[in-house]
S.K.: 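Just dropping this structure here.
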Amino acid sequence: MFLKSKWRWVATATAVAALGSWSVATVPAASAAGSGSLNVLLPGVTGGTWNTLDPLTDATAAANWDVLNPIYGELFEQGSNGKIVPDLATGYKISDGGLKVTIDLRPGVTFSDGTAFNAAAVVFNLKRDLDPKAACLCLENFSAVTSESAAGPHKVVLNLSHPDPAIIDAFIWEAPNWIISPTAFAKEGAKNIGMKPVGAGPFTVTQAIPNTKLALTANPHYWQAGYPKVKNLTFTSVNSDASALQAMQAGNGEVYTALTSVTNLASAQKSFTVAKIPSTSTLSINLNPRIAPFNNIKAREAIYYATDAAAINKTLFNNTGLISETPSGPGDLYFADKVPGYRNYDLAKAKALVKQLGGLKLTLSSIPTPVYTPLVTAYKSLWAAAGIDATLQFLTIPQIVKETENGTMQAIATQAGSFDPALLPGLGAWYSSKGPFSLVRDPALDKLIDTAASDTKPSKAATDYKKIYSYLNQKAYTPFVLAAPSWRVQSKAVTGIPANVTEVPWQDVAVKG
């Protein structure tokens, strides 16, 4: 979904997490922190949209890791090629038949207020985040956790109700991965901590203007000597790819985190370093089978046959996308782009179904981004050729979440998938009966999703996910279109951003000159 549109992927560490353990050595320290400033531009409607810096209460925290990571650091982070690497945690061990997870914390770490970062602090945060009353979107990914406790100053123990192969992956880009200083929380309270956050990351907040600008300065208490590589880090939200590139051309930005408009790609490549970020999800049209008109499978099938994925790829994406028939992308752990018997574009069949239905009208919801605005306009045009009358409705993310919960949304143009399908915003989030973004209520599908999520062997999981993809097609719940890439744009003076990363380690980034 657009909520997590930095579009995740992960290494095979998921399978290891089932019954094994993992640890690393402490990163060697350098001599002194860096100097200079780095200005980062964020797409305003996704990663640049935040109304609080409290990970728990930030409704779009999963898309805001660029602003949260520098403040809090992370227990676990995602490195090059999706590999899970340590940050404030140094490793973990899974024991007792998969029912106990012990996380080792990095010793000698302090929060930016000088207080100790330890197991008690992590447990305080986990209990806050995983309290059902807090309604954290992370609850689905941590549903197996029954209790959290400290085992000494640097060990955190999670007890599980059942083995969860994805429990370590679950931390990535979710509230439990970002730890707030309990001392600062007690001082500021839940109401104010979001504007006065205190973490153990490489930077501290000097100015916070929600949805607009975040100014940070190097944390003098940061655990890794010699880091961060710049003294000042500023994030500014921009309204469009074009405005981001204009700002960079004018010297008002060194990095733009997610260019999605193909029309601006060539211009970016002429002046800057551009890195393609593989998608872990597929553009989709989620239909609500519980209400008219899509409680009739013929109406759902008509949308399938009226949607020309190849035309959209050529016209809107200059053939840079990968046409896919499943809710996964090339960066997905279990990527598969084909489904036997998939209903591909067939205008004649679409027209015939619309005629049988006596016409077809719907409201298609989406958010107004550089990707979705032209995309839904293209859908509307393609469907009109089949006699389908679509009204476009642009909503904010909170509005979409509310309409989804109420079950009143007929259809939504979105992006389904996750780096690990077992995790939010993966299959369960979009298609299980209890999924926060799901329009579907299907017990048989729920069982398929639960079975795949519990697989500890990657080969078995791959087979079970293909069964889910086939079932989605059988029921015609969601026409899939293509896995759309995005690109990171950076000045040639910027160093320290590894290749093949979704998540930028801002503490490592420097600017020459």
S.K.: Working note: S433 + D446, criterion side chain to side chain donor-acceptor pair (under 3.5 Å); need CA distance, chi angles, decisive distance, verdict.
M.R.: CA-CA 7 Å; S433 296; D446 292 343; 2.6 Å; yes
S.K.: Between F294 and Y477, is the ring-ring contact (aromatic ring centres under 6.0 Å, His included) condition met? List the steps.
M.R.: CA-CA 9 Å; F294 297 118; Y477 284 148; over 10 Å; no
S.K.: Could you tell me whether a side-chain N or O of T320 sits under 3.5 Å from a main-chain N or O of F317, the two making a donor and an acceptor?
M.R.: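 The answer is yes, because a donor-acceptor pair under 3.5 Å joins these two groups.
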S.K.: Determine whether a donor-acceptor pair (N or O, by modelled atom type, separation under 3.5 Å) exists between the side chain of T408 and the backbone of N406.
M.R.: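 Not a single qualifying donor-acceptor pair exists.
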S.K.: Between V371 and S261, is there a side-chain heavy-atom distance shorter than 4.5 Å?
M.R.: no
S.K.: Do other residues, nucleotides or ligands put more than 12 heavy atoms under 6.0 Å from K191 NZ?
M.R.: no
S.K.: Below 4.0 angstrom, N of the basic side chain to O of the carboxylate: do D54 and K196 qualify?
M.R.: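 Salt bridge: no.
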S.K.: Tell me, do L265 and V274 make a side-chain contact under 4.5 Å, heavy atoms counted?
M.R.: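 They are in side-chain contact.
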S.K.: Do L392 and K380 make a side-chain contact, defined as non-hydrogen atoms from C-beta onward lying under 4.5 Å apart?
M.R.: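 SC-SC contact between L392 and K380 confirmed.
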S.K.: Check step by step if side chain to side chain contact (heavy atoms under 4.5 Å, CB included) holds for S281 and F419.
M.R.: CA-CA 8 Å; S281 56; F419 69 88; over 6 Å; no
S.K.: For Y305 and N344, does a side-chain donor sit closer than 3.5 Å to a side-chain acceptor?
M.R.: no
S.K.: Is any side-chain heavy atom of F480 closer than 4.5 Å to one of Y342?
M.R.: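 The answer is yes; the side chains approach within 4.5 Å.
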S.K.: Please name the pair of heavy atoms, one in P176 and one in L75, separated by the smallest distance, quoted to 0.1 Å.
M.R.: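 Closest pair (atom of P176, atom of L75, distance): O-CD1, 3.6 Å.
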S.K.: Tell me whether Q410 contacts the main-chain N or O of A292 through its side chain, where contact means a donor paired with an acceptor under 3.5 Å.
M.R.: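 Side chain of Q410 to backbone of A292, a donor-acceptor pair under 3.5 Å: yes, one is there.
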S.K.: Checking the side chain of N473 only, and the main-chain atoms of G341 only, is there a donor and an acceptor separated by less than 3.5 Å?
M.R.: yes
S.K.: Are N64 and T60 linked by a side-chain donor-acceptor pair shorter than 3.5 Å?
M.R.: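 Yes, because at least one side-chain N or O of N64 sits under 3.5 Å from a partner of the opposite role on T60.
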S.K.: Verify, without hydrogens or angle tests, whether S438 (side chain) and S432 (backbone) share a donor-acceptor contact under 3.5 angstrom.
M.R.: yes
S.K.: Under a 3.5 Å threshold, yes or no: a donor from one side chain and an acceptor from the other, between D420 and S418?
M.R.: no
S.K.: Main chain of I312, side chain of T315: is a donor-acceptor contact present, judged purely on distance under 3.5 Å?
M.R.: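 Here the side-chain-to-backbone pair does not exist.
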S.K.: Output, in order, the C-alpha distance, side-chain angles, deciding distance and verdict of side chain to side chain donor-acceptor pair (under 3.5 Å) for D389 and W383.
M.R.: CA-CA 7 Å; D389 183 4; W383 298 347; over 6 Å; no
S.K.: Do the side chains of L316 and V262 get nearer than 4.5 Å, heavy atoms only?
M.R.: no
S.K.: Is there a side chain to side chain donor-acceptor pair (under 3.5 Å) between Q490 and T273? Walk through the geometry before answering.
M.R.: CA-CA 5 Å; Q490 65 188 65; T273 299; 5.1 Å; no
S.K.: About how many Å separate CD1 of I179 and CG of N125, when rounded to the nearest 0.5 Å?
M.R.: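 Between N125 CG and I179 CD1, I get 4.0 Å after rounding to 0.5 Å.
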S.K.: Walk me through it: do S237 and T212 pass the test side chain to side chain contact (heavy atoms under 4.5 Å, CB included)?
M.R.: CA-CA 5 Å; S237 299; T212 303; 5.7 Å; no
S.K.: Can you see which heavy atom on L439 is nearest to which on R290, and at what distance?
M.R.: O-NE, 3.0 Å
S.K.: Between D241 and T260, is there a donor-acceptor pair closer than 3.5 Å when you use the side chain of the first and the backbone of the second?
M.R.: yes
S.K.: Can you tell me how far apart CD1 (I303) and CG (L360) are? Round to the nearest 0.5 Å.
M.R.: 5.5 Å
S.K.: So, for V205 and A208, which heavy atoms are closest and what is the spacing to 0.1 Å?
M.R.: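 Here V205 and A208 meet closest at CG1-CB, 4.1 Å.
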S.K.: Test your reading of the model: is there a side-chain donor-acceptor pair from D164 to the backbone of A144, 3.5 Å cut-off?
M.R.: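 Absent.
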S.K.: Any non-hydrogen side-chain atom of L68 less than 4.5 Å from a side-chain atom of E74?
M.R.: no
S.K.: Within the distance-only criterion (no hydrogens, no angle test), does the side chain of R488 pair as donor or acceptor with the backbone N or O of A275 below 3.5 angstrom?
M.R.: no
S.K.: Please tell me whether T414 and W430 have a donor and an acceptor in their side chains that are separated by less than 3.5 angstrom.
M.R.: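 No.
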S.K.: Verify whether one side chain among Q393 and T363 offers a donor that lies under 3.5 Å from an acceptor in the other.
M.R.: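 No pair is found: no donor N or O on one side chain lies under 3.5 Å from an acceptor on the other.
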S.K.: Measure the spacing between CG of L216 and CG of N232 and express it to the nearest 0.5 Å.
M.R.: 9.0 Å
S.K.: Supply the atom-to-atom distance I468 CD1 to D450 CG, rounded to the nearest 0.5 angstrom.
M.R.: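 Output value for this atom pair is 9.0 Å.
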S.K.: If you take all heavy atoms of A268 and L245, which pair is closest and at what distance?
M.R.: CB-CD2, 3.9 Å
S.K.: Please lay out, stage by stage, how F171 and F142 fare under the test side chain to side chain contact (heavy atoms under 4.5 Å, CB included).
M.R.: CA-CA 9 Å; F171 282 90; F142 288 87; 3.8 Å; yes
S.K.: Under a plain distance cut-off of 3.5 Å, with no hydrogens placed, do S271 and Q249 share a side-chain donor-acceptor pair?
M.R.: yes
S.K.: Roughly how far, to the nearest 0.5 Å, is CG of D169 from CG of L333?
M.R.: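 Separation between the atoms: 8.0 Å.
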S.K.: Say you draw a straight line from CG of L38 to CD of E254; how long is it, rounded to the nearest 0.5 Å?
M.R.: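 Nearest 0.5 Å value for the CG-CD distance: 5.5 Å.
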S.K.: Give the minimum heavy-atom separation between G321 and L482, together with the two atoms involved.
M.R.: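 Result for this residue pair: CA-CD1, 4.2 Å.
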S.K.: Using a strict 4.0 Å threshold on nitrogen-to-oxygen distance, state whether D464 and K467 make a salt bridge.
M.R.: yes
S.K.: Would you mind reporting whether T234 and L214 have side-chain heavy atoms less than 4.5 Å apart?
M.R.: no
S.K.: Evaluate the side chain to side chain contact (heavy atoms under 4.5 Å, CB included) criterion for residues Y379 and V481: first the C-alpha distance (whole Å), next the side-chain angles of each, then the deciding distance (0.1 Å), finally the verdict.
M.R.: CA-CA 10 Å; Y379 291 155; V481 185; 3.3 Å; yes
S.K.: Verify the distance criterion only: is there a donor paired with an acceptor across the side chains of S284 and T282 at less than 3.5 Å?
M.R.: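 No, T282 and S284 have no side-chain donor paired with an acceptor closer than 3.5 Å.
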S.K.: Can you confirm if the aromatic rings of F235 and W506 lie within a centre distance of less than 6.0 Å?
M.R.: yes
S.K.: Determine whether a donor-acceptor pair (N or O, by modelled atom type, separation under 3.5 Å) exists between the side chain of T326 and the backbone of A336.
M.R.: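 Indeed, once roles are kept as given, a pair shorter than 3.5 Å links the two residues.
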S.K.: Check T478 against Y431 and note the closest heavy-atom contact, atom names and distance.
M.R.: OG1-CE2, 3.2 Å
S.K.: Can you find a heavy atom in the side chain of L42 that is under 4.5 Å from one in the side chain of D66?
M.R.: yes
S.K.: Below 30° counts as parallel, above 60° as perpendicular, anything between as tilted: where do the rings of W65 and W173 land?
M.R.: parallel
